[in-house]
Enquirer: 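Shown below is the structure under consideration.
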Amino acid sequence: MSQQLPYVVEDCRGAVQLMSDGTIRRSAEPAAVFLMDIPDGDLGVEWRDVTYDPEHGLNARLYKPRHLGAANDARLPVLAYFHGGGFCIGSGRWPCFHAWCLRLASELPAVVLSFDYRLAPEHRLPAAQEDGAKAMSWLRSTAASDPWLASAVDLSRVFVAGDSAGGNITHHVAARFGKTGLGPTVRLRGYVLLMPAMAGETRTRAELECLPDAFLTTEMSDMYARLILPDGATRDYPAINPAGPEAPGLEAVAMGPMLVVAAEHDILRDRNAHYVRRMKEEWGKEVELVEFADEQHDFFAVDPWSEHTDELVRLVGKFVVDHMDTE
C-alpha cells in the first residue's frame with residue numbers, strides 16, 4: 001500500500017508552507033508580492049548588516065545618512081524598526097522593507113536600525129515580542145560603542161516603529177520599556193505603529209466586509225492566527241490582541257507619545273481604532289490616529305515610491321521632529 005505524500009495544509013504567500021506531516025517548507029526568496037526593483041542609487045545612505053542575537057541567528061540592517069548635518073558632525077535620532085509579515089514571513093533584507101528604511105534614513109533623516117525576529121510557525125508567539133526586547137537591549141549595549149554607529153547616533157532621541165506584525169512588536173516594546181526602561185543613557189521618545197497586526201475572537205465590521213481581493217483578507221488573518229498562536233490560545237491572546245479582554249492594563253506605564261496609522265480598506269482598521277480609543281480613554285496615553293483614505297494594508301511596502309508613501313514618510317518625519325525633545 002503506497003504511502004501518501006505530504007501535502008500543503010497552510011500556505012503563507014508561497015514563502016512558507018505547513019505540510020500535513022508537520023514539516024515546514026520555507027523559501028529563501030521573498031514572497032513574490034514583495035518583490036520589486038529598487039531605483040538606482042542609495043539615497044545618500046550607507047548601510048550594513050550585523051548579527052544582534054547570535055543564539056538565534058538574528059540580524060539587523062543598520063542605515064545612516066552619509067552626511068549627518070550641515071556641519072557634518074550632528075548626531076541624528078535613532079529609529080528602531082520591525083518589519084511586517086504576519087509574524088510568519090519577512091526580513092529587513094527584503095527589497096520592500098529595505099527601500100522603506102532607505103527612505104526613512106534619508107528623508108527624516110535618522111539612523112535606522114531594522115531588526116529581524118524569529119518567525120512562526122517554527123517560533124510561535126510571544127517569541128517575536130521577546131526578540132523585540134532583545135533588539136532594544138542590543139541597541140542600549142552596542143549602538144553607542146559600535147564604531148560605525150557611535151558618531152552618528154543620539155541615544156537620547158530614540159523612536160521605535162514597525163508595520164503590521166512589527167507594529168504589534170512596537171506596542172509591546174512600549175509597554176515593556178516605557179520612556180526610561182532602557183536606562184539613563186537611552187531615551188525612548190515615541191512610537192510609530194503602521195497598521196499594527198491585531199486580532200480578536202469577535203469579528204469587526206472591517207473583517208466581515210473584507211473584499212476577496214484585499215491585500216490582507218480575513219481568511220489570511222485567520223491563517224496567520226493558526227500559525228502563530230501557542231497551543232490553547234485564542235485570538236484574544238494578549239500578544240496579538242493588546243487592547244482585548246485578556247490584555248493587562250497599561251495605566252501605570254509611563255510611555256512616550258504614539259502615532260498609529262491605519263488604512264481605509266484594511267481589515268485591521270477597526271481594531272487599530274479600538275486600540276487607540278482604549279489607549280487614550282482608559283489608559284491615558286498620548287496617541288494620534290491617522291487613517292489613509294482608499295488604501296489597503298501595508299500599502300507603503302507594496303509600493304515604497306507611491307504618493308501616499310511620500311505622504312507617510314512626511315508624517316513619520318513630522319512626528320519625530322515634534323517629539324525629539326519632549327519630556
Side-chain angles (χ1 to χ4, degrees), residues 45-56 58-83 92 101 104-106 108-117 128-162 166-193 250 252-259 285-287 316-327:
V45 174
E46 301 173 358
W47 57 272
R48 70 185 182 101
D49 294 331
V50 299
T51 299
Y52 79 89
D53 182 357
E55 179 184 357
H56 297 114
L58 295 176
N59 298 316
R61 180 161 285 186
L62 317 180
Y63 302 81
K64 68 176 181 180
R66 190 168 288 109
H67 302 294
L68 301 181
N72 205 32
D73 59 1
R75 294 173 185 259
L76 293 174
V78 178
L79 183 71
Y81 195 84
F82 298 97
H83 65 79
C101 288
L104 292 174
S106 174
L108 295 189
V111 174
V112 177
L113 314 178
S114 176
F115 293 100
D116 285 353
Y117 48 89
Q129 289 87 359
E130 292 169 352
D131 292 340
K134 289 180 183 177
M136 302 310 295
S137 297
W138 180 91
L139 184 157
R140 174 182 56 197
S141 63
T142 306
S145 59
D146 181 284
W148 196 78
L149 288 173
S151 63
V153 297
D154 181 351
L155 293 181
S156 72
R157 295 171 170 176
V158 176
F159 293 81
V160 185
N168 175 290
I169 293 172
T170 300
H171 162 83
H172 288 282
V173 167
R176 179 164 182 162
F177 295 107
K179 289 182 178 180
T180 59
L182 287 172
T185 61
V186 179
R187 181 64 184 271
L188 296 171
R189 295 285 180 174
Y191 303 89
V192 179
L193 285 64
L250 297 174
V253 180
M255 63 176 64
M258 185 176 288
L259 170 66
K285 307 309 177 194
E286 181 184 347
V287 186
V316 175
K318 184 178 185 303
F319 178 82
V320 169
V321 169
D322 288 350
H323 298 288
M324 278 198 299
D325 299 307
T326 56
E327 293 300 325

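In this chain, numbering begins with 1 at the start of the sequence shown.
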Enquirer: From T142 OG1 over to L149 CG, what is the distance, rounded to the nearest 0.5 angstrom?
Expert: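 Answer rounded to 0.5 Å: 9.0 Å.
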Enquirer: Report yes if the side chains of V158 and L182 come closer than 4.5 Å at any heavy-atom pair, otherwise no.
Expert: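 Of all side-chain heavy-atom pairs linking L182 with V158, none is under 4.5 Å.
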Enquirer: Around atom CZ of R176, are there more than 12 heavy atoms from other residues, nucleotides or ligands closer than 6.0 Å?
Expert: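 Incorrect, the count does not exceed 12.
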Enquirer: In Å, rounded to the nearest 0.5 Å, how long is the span from CZ of F115 to NZ of K134?
Expert: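 So the CZ of F115 and the NZ of K134 are separated by 13.0 Å.
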Enquirer: I'd like to check V50 versus W148 (side-chain heavy atoms, cut-off strictly below 4.5 Å). Are they in contact?
Expert: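 V50 vs W148: side chains apart.
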Enquirer: Would you compute the distance between atom CG of D116 and atom OG1 of T51 and round it to the nearest 0.5 angstrom?
Expert: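 D116 atom CG to T51 atom OG1 measures 10.0 Å (nearest 0.5 Å).
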Enquirer: Please examine the side chains of M324 and D154, heavy atoms only from C-beta on, and report whether any two atoms are closer than 4.5 Å.
Expert: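 Side chain of D154 against side chain of M324, heavy atoms only: no contact under 4.5 Å found.
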Enquirer: Hey, does L193 have a side-chain heavy atom less than 4.5 Å from the side chain of H171?
Expert: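 Touching, per the 4.5 Å side-chain cut-off.
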Enquirer: In the structure I gave you, are the side-chain heavy atoms of R157 and D325 within less than 4.5 Å of one another anywhere?
Expert: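 Yes; the side chains approach each other to less than 4.5 Å.
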Enquirer: How many angstroms lie between atom CE of M258 and atom CD of E286, to the nearest 0.5 angstrom?
Expert: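 Answer rounded to 0.5 Å: 10.5 Å.
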Enquirer: If you measure from CZ on F82 to NE2 on H172, what distance do you get to the nearest 0.5 Å?
Expert: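 The distance works out to 12.0 Å.
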Enquirer: Taking C-beta and beyond as the side chain, do L155 and R140 meet within less than 4.5 Å on heavy atoms?
Expert: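 Side chain of L155 against side chain of R140, heavy atoms only: no contact under 4.5 Å found.
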Enquirer: Between atom OG of S137 and atom OH of Y52, what is the distance when rounded to the nearest 0.5 Å?
Expert: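 Those atoms lie 10.0 Å apart.
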Enquirer: May I ask you to test the L108-P77 pair for a side-chain heavy-atom distance under 4.5 Å?
Expert: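 Not touching, per the 4.5 Å side-chain cut-off.
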Enquirer: Check step by step if side-chain contact (heavy atoms from CB on, under 4.5 Å) holds for D49 and N59.
Expert: CA-CA 7 Å; D49 294 331; N59 298 316; 5.6 Å; no
Enquirer: Using side-chain heavy atoms (C-beta onward) and a distance below 4.5 Å, is L139 in contact with M136?
Expert: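 Yes, side chains in contact.
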Enquirer: If you take the centroid of each ring, where Trp contributes its six-membered ring, are H83 and Y117 closer together than 6.0 Å?
Expert: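 Between Y117 and H83, the centre distance is under 6.0 Å.
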